[in-house]
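Naming convention: chains lettered A, B, ... in sequence-line order (proteins, then strands); numbering from 1 in each chain.
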Amino acid sequence: MVQHPIPDRYEPASFEAQWRERWQEADLFRTRELPGRPKFYGLDFFPYPSGAGLSVGHCRNYIGTDLVCRMRAMQGYNVLHPMGFDAFGLPAENEAIAKQTHPAPMIDRYAATYQRQMELVGISYDWSRTFKSSDPDYYRWTQWIFKRLYERGLAYRKLASVNWCPQCMTVLADEEVVGGLCWRCDTVVEKKQIPQWFFKITEYAQRLIDDLDELDWPEGIKQMQRNWIGRSEGVEFSMKVAFGAPGSQEDEGFVVKEREPMLRVFTTRIDTIFGVTFCVVSPEHPLLESILGRVADEHREAVRAYQEQAKRLSDTDRQATNREKTGVFSGAFAVNPATGKRVPIYVADYVLMNYGTGAIMAVPGHDERDFEFAQKFGLDVVQVIAPAGGGEVELPWTDKEAAVMVNSGEYSGMSVKDGQAALGEWMEALGIGERKVQYKLRDWLISRQRYWGCPIPVMYTADGDEHLVPDDLLPVQLPDVENYQPAGDGSSPLAHIPEFLNVTDANGRLGRRETDTMGGFACSSWYFLRFCDPHNDQAPWDLEKVAEWMPVDCYVGGAEHAVMHLLYARFWTKVLFDAGLVPVKEPFAKLVNQGMVQGPTPYRKPREGERLAVGEEGIRISPEEAATLPADEVFYRNEKMSKSKGNVVTPEEAVEKFGADALRVFEMFVAPFEQDVVWTETGAQGAVRFLHRVFKLASDLQPSYDPDWRAKIVQDDLSQAGRDLRRTTHQTIRKVTDDLAKTAFNTSVSELMKMVNAMNDFLKAERNPADDLAASEALEALVLMLSPVAPHSSDEIWSGLGHIGFTYDAEWPSFDPALAKEDVLTIAVQVNGKLRDTITVAADAPKDVVEQAALASPRVAVHTEGKAIRKVIFVPGKLVNVVAS
RNA sequence: GCCCGGGUGGUGAAACGGUAGACACAGCGGACUUAAAAUCCGCAGCCCGCGAGGGCGUGUGGGUUCGACUCCCACCCCGGGCACCA
């Protein structure tokens, strides 16, 4: 590269594309694995390549990660910074069906667009490692991992319900059910029981909670995961089921007799057991079958009718908020083991079959839901817990801090905590119950009755046995066929392709394949491992390579994946760790959630007689329509960029209008990375102006630039301006390095702006020839520190200064604490904590000298006049506070 | 209801318990220009004051401290997530 004049303005069109080409030609971003160097693994969430392409909003995520990776590379780390695509899934399949095309080439096109856009904004990905989750070379190993889970007893098949549209004759995903209706044909969606595959994530519930503690993740995300797993401690116990009216002889005692039906319940509030006035079982509870055989016809019929009604309700409806409690009396009773009294057993859908035992003891005095139910059905409400300090409370009263048991026989007077322990022990001694930990987390359903997913590597022989497909026959490939539309019987389209369906196993037995495919979360639960060794065709990865790169040091993505993806990926990593296949227990050491970029979205004020939905202030309109309306009829709200809202800014538009580096600078500078931001043209324009100033400065300094400054510079030769500039340089290096490492991108950019301002001040100040060396040092540091955020501009200036190669390969500047140190300090002088003056002292001035100088201030004298000075607080380098009264 | 975030100038924001508003955007004044744009220089929290200066200020009310945007308690508002989990 030949030295060239540095332009005095930022003209992106004249150099940005060229630099991207040169990076590509030099294969600059290929992952380096040099021995003896630290490693850095920077990763973005696995994106689904949508046909809409990227917006500048998506880009902000990738730019942030890019800054950290580029700095680490310059600091001499081996950097792994890959990108791939989460290609399987419903949107692609549905779009392909709608367009009468095949999803594979479509997704290839979309992924290519994403790649082109990412390259356009200069992201330093190593594209030699890219893959899509739909590549057979990749999903072969997804299947391989499925087998390892199966072998460890963590993959199993059971009957589970799916959403079924009787019109389309197809299974619907939850998001395809809109208000209980099929999204395509508005038919009422039914439930259908079919066998489906699950992963036993519940077995890892406790470890998934415990290991959160060691992760450098946002506290909020960790808390969301804890809540999702939902650990609660309580007691599970049995209650005898009785059929006669209360008071009859069979109530005697509660010792369990053989063959007597028992009702099993779980409670976190065993301390309230004396307040149980009824029990509730969910409509699907199996015990109901034996109960209904022994109760009066009227009860049997009522329960049957209620069960039918419950079955018709969708899960969403059933779990809808503020729904009035419904239920029926079963005709049977449960005997409260604490009181020996019998209480009615009700059937109600507010009790869920899939949590706990599907049955509860109801304590309306101390549980809001039970209270509501008791009110509606006229059931007793008894108080058994009271404030420890005495006093009346209104029921239901659910406080358990500083609360004691009352009306609870021999337990009365005990604290809630002690009572829980005592009752738990009592039940365990009696053998009717035990203390237990319960989780809300459910097993992970992975079956999808769809074509466009990773096939499940299982086959069934005629006798119905399931067999894993041998490793050497993987992958089970998706057949390349014309018709992959859902079949009409609830099975996957794959079930209707004989050449796929029918197989012969290794022993020559005939069988048929599993035709469900895996949901996309399976594919995205290990891609970060594959990036460590993406071309391995003997194994999913080489253990040594995974050991070298894992865990991910900085994982960046939106908070919308706070629970599902991050939990599933953690689960798989733990399983693989247990199997000795990976050396880490956790995949993502540090997680960063970037904020989304919103676009100003035009709205029109309502006109006479127009009605708006609740919470709406206007009618959303297109930007074109907004341009035609008078200004006072239009207003803007900032909303997430989306095609349908017409507020998307594409990277192409932004790069064309402002330049890639300006886009990068703006998106990093505008606000903290984690925060939502609004795209503004004036903001982007500000970034352009900053880059203009950088080029002007570099152009001004170019003639006096001496690449050999390091060897020649002598501190004592410098003028005051030169020494000040060096101090600024080294202070900036320190701050920018720290800020980038902790993803504080906005302040790192503002530091660079301050440094540019300081350099301009330097040019105006009185100085001597030796100062050119300080300026050379400053210019070099500035250009190198600018490289992560504005790599095109940095390389343009760097080469203009005569350097061969790229700033990416140059060494990150290091700071000298001695040079960064201030020699004169401004000290705040306060009287009683209020600022009254500032004084300037030498940095090494001792305490008493500074205090004397402060007390000598006339401004201090004014405010201490007539008062006695009580004491003087001295904070070195910061302030003096005179306390007077 | 519960769980997470968050409330600081006209705007985006900055600030190890130590000079609140850095750095920018928009604005105002000036220079350059026939003019405008661009660029450069300057001003800029609010109130009182010609000024020197003073008072008030980080959602509200208390507290801890020599000193609180920062820590503690109570509350209000906004955004996001979850929701009958016994």
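- Distance noted for atom C1' between B:G9 and B:C4: 29 Å (whole Å).
- With respect to the salt-bridge test (charged N to carboxylate O, under 4.0 angstrom), the residues A:Asp738 and A:Arg734 do not qualify.
- A:Gln206 and A:Tyr439 share a donor-acceptor pair across their side chains, judged by distance under 3.5 Å alone.
- Atom name P, nucleotides B:C73 and B:C3: the rounded distance is 14 Å, in whole Å.
- Comparing B:A86, B:C3, B:C84 against the side chain of A:Asn227 picks out B:C3 as the nearest.
- Distance CZ (A:Arg836) to C1' (B:G55): 10 Å, rounded to an integer number of Å.
- Taking the side chain of A:Met753 as heavy atoms from C-beta on, and the options B:A24, B:A20, B:A26, the nearest nucleotide is B:A24.
- Nearest to the side chain of A:Gln830, among B:A86, B:A38, B:U19, sits B:U19.
- Going from the P atom of B:G55 to that of B:G59 covers 22 Å, rounded to whole Å.
- For the pair A:Asn760 and B:C40, the criterion of a side-chain N or O lying under 4.0 Å from OP1 or OP2 is not met.
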Please list every donor-acceptor pair under 3.5 Å in which a side-chain atom of residues 872-879 of chain A meets a protein atom from a residue at least two apart or in another chain.
none

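- Across B:G5 and B:A22, the matching C1' atoms stand 25 Å from one another, rounded to whole Å.
- In this structure, of B:C84, B:U19, B:C25, it is B:U19 that holds the atom nearest to the side chain of A:Thr826.
- Here the side chain of A:Val670 is nearest to one of B:G12, B:G18, B:A86, namely B:G12.
- Here the nucleotide nearest the side chain of A:Ala828, chosen from B:A26, B:U19, B:G53, is B:U19.
- Distance CD (A:Glu681) to C1' (B:A26): 15 Å, rounded to an integer number of Å.
- Annotation: B:G21 and B:C43 have their P atoms spaced 15 Å apart (nearest Å).
- A:Ser857 and A:Arg836 share no side-chain donor-acceptor pair at under 3.5 Å.
- Comparing B:G12, B:A14, B:C3 by their closest approach to the side chain of A:Pro672 singles out B:A14.
- Heavy atoms of A:Phe669 sit under 4.0 angstrom from at least one base atom.
- Aromatic rings of A:Phe373 and A:Tyr350 (six-membered ring for Trp) have centroids within the 6.0 Å cut-off, being under it.
- B:G9 takes the syn form, because its glycosidic angle lies no more than 90° either side of 0.
- Between A:Glu233 and A:Arg231 there is a salt bridge, since at least one side-chain N of the basic residue sits less than 4.0 Å from a carboxylate O of the acidic one.
- An OP1 or OP2 oxygen of B:A14 is reached within less than 4.0 angstrom by a side-chain nitrogen or oxygen of A:Asn746.
- A donor-acceptor pair under 3.5 Å is absent between the side-chain atoms of A:His285 and the main chain of A:Met353, judged by distance alone.
- At whole-Å resolution of the value, CD in A:Gln598 and P in B:C78 are 17 Å apart.
- Side-chain rings of A:Phe666 and A:Phe658 stay apart, their centers remaining 6.0 Å or farther from each other.
- Across B:A15, B:A86, B:C66, the shortest atom-to-atom separation from the side chain of A:Thr747 is found for B:A15.
- One finds a salt bridge joining A:Lys696 and A:Asp700 here, because a Lys/Arg side-chain nitrogen approaches an Asp/Glu carboxylate oxygen to under 4.0 Å.
- Rounded to whole Å, the P atom of B:A68 lies 13 Å from the corresponding atom of B:C56.
- Nearest-nucleotide positions on RNA chain B place A:Gly683 closer to the 5' end than the other of A:Gly683 and A:Thr268.
- A sub-4.0 Å separation between OP1 or OP2 of B:A86 and a side-chain N or O of A:Arg264 is absent.
- Relative to the side chain of A:Thr682, the nucleotides B:C3, B:A86, B:A26 differ in distance, and B:A26 lies closest.
- Between the P atom of B:A38 and the CZ atom of A:Phe690 lies a distance of 19 Å, rounded to the nearest Å.
- Checked for salt-bridge contact, A:Arg435 and A:Glu236 miss the test: no charged N lies under 4.0 Å from a carboxylate O.
- For the pair A:Arg9 and B:A38, the criterion of a side-chain N or O lying under 4.0 Å from OP1 or OP2 is not met.
- Residues of residues 874-881 of chain A having a heavy atom closer than 4.0 Å to RNA chain B, listed by number: A:Val875, A:Lys878, A:Leu879, A:Asn881.
- One finds a side-chain N or O of A:Lys834 lying less than 4.0 angstrom from the OP1 or OP2 phosphate oxygen of B:C56.
- In this structure, NZ of A:Lys764 is placed 10 Å from P of B:C40, rounded to the nearest angstrom.
- Between A:Glu368 and A:Thr838, the residue anchored nearer the 5' end of RNA chain B, judged by the nucleotide with its closest heavy atom, is A:Glu368.
- Spacing of P atoms, B:C16 relative to B:G7, comes out at 14 Å, to the nearest Å.
- Distance A:Phe237 CZ to B:A86 P: 15 Å, rounded to the nearest Å.
- Side-chain N/O atoms of A:Arg859 include none lying less than 4.0 angstrom from OP1 or OP2 on B:U19.
- Taking atom CD of A:Glu219 as the reference point, atom P of B:G80 lies 22 Å away to the nearest angstrom.
- Residue A:Arg870 is classed as having no contact, given no heavy-atom separation below 4.0 Å to the nucleic acid.
- RNA chain B contains the following stems of three or more consecutive Watson-Crick or G-U pairs, with both distances under 3.5 Å: B:1-7 with B:76-82, B:10-12 with B:23-25, B:27-31 with B:39-43, B:45-48 with B:53-56, B:59-63 with B:71-75.
- Using a cutoff of 4.0 Å between basic side-chain nitrogens and carboxylate oxygens, A:Glu434 and A:Lys436 are not scored as salt-bridged.
- Across all strands, A:His863 comes closer than 4.0 Å only to sugar-phosphate atoms, never to a base (heavy-atom distances).
- Going from the P atom of B:G6 to that of B:C23 covers 25 Å, rounded to whole Å.
- Other residues, nucleotides and ligands place no more than 12 heavy atoms under 6.0 Å from the CZ atom of A:Arg870.
- Screening A:Trp228, A:Phe521, A:Tyr204 against A:Tyr568 for a ring pair (Phe, Tyr, Trp, His ring centres under 6.0 Å) leaves a single residue, A:Phe521.
- In the set B:U39, B:G53, B:G18, the nucleotide with an atom closest to the side chain of A:Ile873 is B:G18.
- Rounded to a whole Å, the CZ atom of A:Arg693 is 6 Å from the P atom of B:C25.
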